Amino acid sequence: GERRRARREARANPGALVVVGLTENNDAWVLDEVYNKSELVEEYWAPRARELMQKWRFNEWCADPAEPDNLRRFSNAGIRVTGHRNYGSGAFDEHARSVLSGIRTMAGIISAGKLHVDKTRCPNALNEIKSYRWDETPRGDWLERPAPHQKDHAVTALRYAVSYAMKPG
């Protein structure tokens, strides 16, 4: 039943864990990553999260709230997970505003030269950043949202971490 469904979803949904450090002057450092697909939280992601937490000495993850079952699985595995700003919101417009705010925050960091990626430990994050595309209208006008069907799992994890850490208040 549920375990079979979870396995099927895991095969369809690649994922990324990204360790991000922020300095006092808002430089963002992408320090480490785990990038994989076809794995379950209990069997793969939670142990990798624990390894990264021990290696980098932190105790909390910021996560995409789009899959609440996986957040519950992390919690059940003893991993502290905080959702990004609109965690628990069912309102799409609030989620869209939060994504847009995160994209603008990331764009500001990138344009200011304040995003740094460890090329050895984070090749997937680096490749996604280099190949990231905006969506566009049929007329070719750019839209301020990610283009569909691109590999953006590490970039999305990075955006959630940065927008959560830099949120007001």
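Residues take their numbers from the sequence shown, with the count starting at 1. Please read all numbers here as calculations on a predicted model, not as lab measurements.
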Trainee: Do the non-hydrogen side-chain atoms of Leu115 and Met106 ever get within less than 4.5 Å of each other?
Mentor: yes
Trainee: List the steps and the verdict of side chain to side chain contact (heavy atoms under 4.5 Å, CB included) for Leu143 and Trp134.
Mentor: CA-CA 6 Å; Leu143 298 171; Trp134 291 109; over 6 Å; no
Trainee: CZ of Arg145: more than 12 outside heavy atoms within 6.0 angstrom?
Mentor: no
Trainee: Find the distance between CD1 (Ile79) and CH2 (Trp45) and round it off to the nearest 0.5 Å.
Mentor: 13.0 Å
Trainee: Less than 4.5 Å apart, any side-chain heavy atom of Val20 and any of Tyr164?
Mentor: no
Trainee: Is Lys55 reaching over with its side chain to a backbone N or O of Arg50, donor-acceptor style, under 3.5 angstrom?
Mentor: no
Trainee: Is it the case that the side chain of Gln150 and the backbone of Arg133 share a donor-acceptor pair, with hydrogens and angles ignored and the cut-off at 3.5 Å?
Mentor: yes
Trainee: With a 4.5 Å cut-off on side-chain heavy atoms, are Ser75 and Val81 touching?
Mentor: no
Trainee: I'd like to know if the side chain of Asn36 pairs up with that of Tyr44 as donor and acceptor (distance under 3.5 Å, no hydrogens or angles considered).
Mentor: yes
Trainee: Side-chain contact, heavy-atom cut-off 4.5 Å: Pro146 with Ile103?
Mentor: yes
Trainee: Under a 3.5 Å distance rule, please check whether Glu43 uses its side chain to pair with a backbone N or O of Leu40 as donor and acceptor.
Mentor: no
Trainee: Closer than 4.0 angstrom, basic N to acidic O: yes or no for Arg104 and Glu144?
Mentor: yes
Trainee: Drop me the distance from Asn76's CG to Asp69's CG, to the nearest 0.5 angstrom.
Mentor: 10.5 Å
Trainee: In a table with atom names and distances, give each donor-acceptor pair under 3.5 Å that connects a side chain of residues 124-131 to protein atoms at least two apart or in another chain.
Mentor:
{"residue": "Asn124", "atom": "ND2", "partner": "Glu33", "partner atom": "OE2", "Å": "2.7"}
{"residue": "Asn127", "atom": "ND2", "partner": "Pro123", "partner atom": "O", "Å": "3.2"}
{"residue": "Glu128", "atom": "OE1", "partner": "His153", "partner atom": "N", "Å": "3.1"}
{"residue": "Glu128", "atom": "OE1", "partner": "Ala154", "partner atom": "N", "Å": "2.8"}
{"residue": "Glu128", "atom": "OE1", "partner": "Val155", "partner atom": "N", "Å": "2.8"}
{"residue": "Glu128", "atom": "OE2", "partner": "Tyr35", "partner atom": "OH", "Å": "2.4"}
{"residue": "Glu128", "atom": "OE2", "partner": "His153", "partner atom": "N", "Å": "3.2"}
{"residue": "Glu128", "atom": "OE2", "partner": "Ala154", "partner atom": "N", "Å": "3.4"}
{"residue": "Ser131", "atom": "OG", "partner": "Asn127", "partner atom": "O", "Å": "2.9"}

Trainee: What is the distance from atom CE of Met53 to atom CG of Asn59, rounded to the nearest 0.5 Å?
Mentor: 6.0 Å
Trainee: Looking at every non-hydrogen atom in both residues, tell me the closest pair between Val18 and Trp61 and how far apart they are.
Mentor: O-CZ3, 3.8 Å
Trainee: May I have the step-by-step check of side chain to side chain contact (heavy atoms under 4.5 Å, CB included) for Asp32 and Leu52, ending in yes or no?
Mentor: CA-CA 8 Å; Asp32 214 336; Leu52 290 171; 3.5 Å; yes
Trainee: Mind running side chain to side chain contact (heavy atoms under 4.5 Å, CB included) on His116 and Asp27 for me, showing each step along the way?
Mentor: CA-CA 8 Å; His116 313 280; Asp27 277 73; 2.6 Å; yes
Trainee: Going by heavy atoms in the side chains, are Leu158 and Val30 under 4.5 Å from each other?
Mentor: yes
Trainee: In Å, rounded to the nearest 0.5 Å, how long is the span from CD1 of Ile110 to OG1 of Thr105?
Mentor: 11.0 Å
Trainee: Measure the spacing between CD of Glu60 and CZ of Phe58 and express it to the nearest 0.5 Å.
Mentor: 10.0 Å
Trainee: I would like to know whether Thr137 and Trp142 meet side chain to side chain contact (heavy atoms under 4.5 Å, CB included); could you show each step before the answer?
Mentor: CA-CA 7 Å; Thr137 67; Trp142 297 110; over 6 Å; no
Trainee: Return yes if some donor-acceptor pair links the side-chain N/O of Ser163 with the main-chain N/O of Arg159 below 3.5 Å, else return no.
Mentor: yes
